[in-house]
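So you know, we letter chains A, B, ... as the sequences are listed, proteins then strands, and number each from 1.
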2 protein chains.
Amino acid sequence: MKDEKTQTEDHILNSAEKVFQRKGMDGARMQEIANEAGINKAMLHYYYRSKRFLFEAVFAKAFSLIAPEIDRVLSDDNTDLFQKIKNFTNSYISFIQKHPYLPNFIIQELNRDADFIKVLQAKKGFPDFSKFEAQVEKEVQEGKIRPIKAEQLFVHLLSLNIFPFLAAPLFKGFLKIDDKAYKDLMEERKEEISNLLINYIKIKE
Amino acid sequence: MKDEKTQTEDHILNSAEKVFQRKGMDGARMQEIANEAGINKAMLHYYYRSKRFLFEAVFAKAFSLIAPEIDRVLSDDNTDLFQKIKNFTNSYISFIQKHPYLPNFIIQELNRDADFIKVLQAKKGFPDFSKFEAQVEKEVQEGKIRPIKAEQLFVHLLSLNIFPFLAAPLFKGFLKIDDKAYKDLMEERKEEISNLLINYIKIKE
DNA sequence: GTCTATATTAAGATAGAC
DNA sequence: GTCTATCTTAATATAGAC
């Protein structure tokens, strides 16, 4: 019994995820979610009470999927910055190829409701920037990298990795290339981004 | 008479711009646009026939505002790459501080309707990447910069400039800073981004 | 727990007076 | 050209049978 309930609940959540990530909160239709799940609308309300609650469940799940990816850069103590940059870039790009709608979904909905980030901050697993900051400062002092602000490095890293997926339609239009060529370009970026940033923080002799 | 018409039409467009850029196509309400403009819903239909058409007018206007900013980097023949990167970064960040909703609006709606970029491509003033590409190749051959793919440099430049505004709520959350501190960080980036990219394409001796 | 049928509300769009 | 009133449709949500 309990298993059945959990199963359906989960099935709805997965279906809702697909629709919300394609259409956003406002564009999504409960009917479409029901169709996607192969059940009727009433069931959605039975399990999640309202569209709003269903949406928030989807959003929380999506964020909890991407947060560890970010947090790994910030909190892992065992690798130096050079290696962290490489690791993040590599794993993030592979990760996002599997979840292409995710970055747009997160960004879009955070722009719709600026305070929602506070709800997320309160949750366990929210990325902790202060550890990354401490590491940057430490490596600067040890003379491993040249002086740089941790905030800027962090913003660079995320911008270079995330934006090209967010703006894929725009770039394809500018560069006049198709999906395949764009995917190759993204694959190339694993090397490209690491080189750019490592070259930047490295101390010149 | 004609002036009156044009004036109201324009007033509606400006009001619609505000609402659409805050709420997106799906989230915007015709009633809200009418309120913003201080008129009634019927007027919106009188001038723009449907929500779809009104939206497209707003989008076209928004895009025509940002396209020249991009095109300036791509097509200006009189400055070398080093200077172009500086100019673009400087002027883009200043520009976007004045139009904070614009990047999110463009990106979001292009993700909703991937084919819409084709409509834009057909328009006059659409940024022409091939000129930029030619310039990069030329400067590489002349030994002014080290070998690099024009596409990647272009993606870097736009990512570093645009994403931090798109993801402002996210970054404020991660870095735990307020609007003022974030604005300062963005101001700093004018220098920061130029340095990062110029350092990257410069030939090491 | 799952369905069909229906209530309720709200949005886009139009008719028609002025 | 501008308004009020209204039509139509569609979406969220609920009631109630099974």
Those residues that, when tested against B:Asp178, pass side chain to side chain contact (heavy atoms under 4.5 Å, CB included) (two or more places apart): B:Lys180, B:Ala181
How about CZ on A:Arg146, more than 12 heavy atoms from neighbouring residues, nucleotides or ligands closer than 6.0 Å, or not? yes
Evaluate whether atom NZ of B:Lys176 has more than 12 neighbouring non-hydrogen atoms of other residues, nucleotides or ligands under 6.0 angstrom away. yes
Pairs under 3.5 angstrom only: tabulate donor-acceptor contacts from the side chains of residues 93-101 of chain A to other protein residues two or more places apart or in another chain.
residue	atom	partner	partner atom	Å
A:Ser94	OG	A:Asn90	O	3.2
A:Ser94	OG	A:Lys190	NZ	3.0

Can you run down the salt bridge (charged side-chain N to carboxylate O under 4.0 Å, His left out) pairs that involve residues 148-165 of chain B, sequence neighbours left out, and say none if there aren't any? A:Glu188-B:Lys149
Inter-axis angle, terminal five-pair segments of the helix from C:dG1-D:dC18 to C:dC18-D:dG1 [nearest 10°]: 10°
Can you tell me how far [atom2] of [N] sits from [atom1] of [X], to the nearest Å?
| X | N | atom1 | atom2 | result |
| --- | --- | --- | --- | --- |
| A:Lys51 | C:dA10 | NZ | C1' | 13 Å |
| A:Asp10 | C:dG1 | CG | C1' | 17 Å |
| B:Ile12 | C:dG12 | CD1 | P | 15 Å |

Report the relative orientation of the aromatic rings in B:Phe132 and B:Phe154; use parallel for angles under 30°, tilted for 30 to 60°, perpendicular for over 60°. tilted
If the plane angle is over 60° it's perpendicular, under 30° parallel, otherwise tilted; pick one for B:Phe63 and B:Phe126. parallel
Counting just side-chain N and O atoms, does [X] come under 4.0 Å of either OP1 or OP2 of [N]?
| X | N | value |
| --- | --- | --- |
| A:Tyr48 | D:dA13 | no |
| B:Thr8 | D:dT2 | yes |
| B:Tyr46 | C:dT14 | no |

Listed by chain and number, what are the side chain to side chain donor-acceptor pair (under 3.5 Å) partners of [X], not counting sequence neighbours?
| X | value |
| --- | --- |
| A:Gln135 | A:Lys84, A:Glu139 |
| B:Asp113 | none |
| A:Asn195 | none |
| B:Ser75 | B:Asp71 |

Is NZ or CZ of B:Arg72 both nearer than 6.0 Å to the six-membered ring centre of B:Tyr92 and within 45° of the ring axis? no
With a 4.0 Å heavy-atom cut-off, tell me which residues in [range] come close to DNA chain D, sorted by residue number.
| range | value |
| --- | --- |
| residues 52-62 of chain B | none |
| residues 13-35 of chain A | A:Ala28, A:Arg29, A:Met30 |
| residues 37-45 of chain A | A:Lys41, A:Ala42, A:His45 |

Quick one: side chains of residues 166-173 of chain A, donor-acceptor pairs under 3.5 Å with protein atoms, not counting sequence neighbours, listed by atom name and distance.
residue	atom	partner	partner atom	Å
A:Lys172	NZ	A:Asp179	OD1	3.1

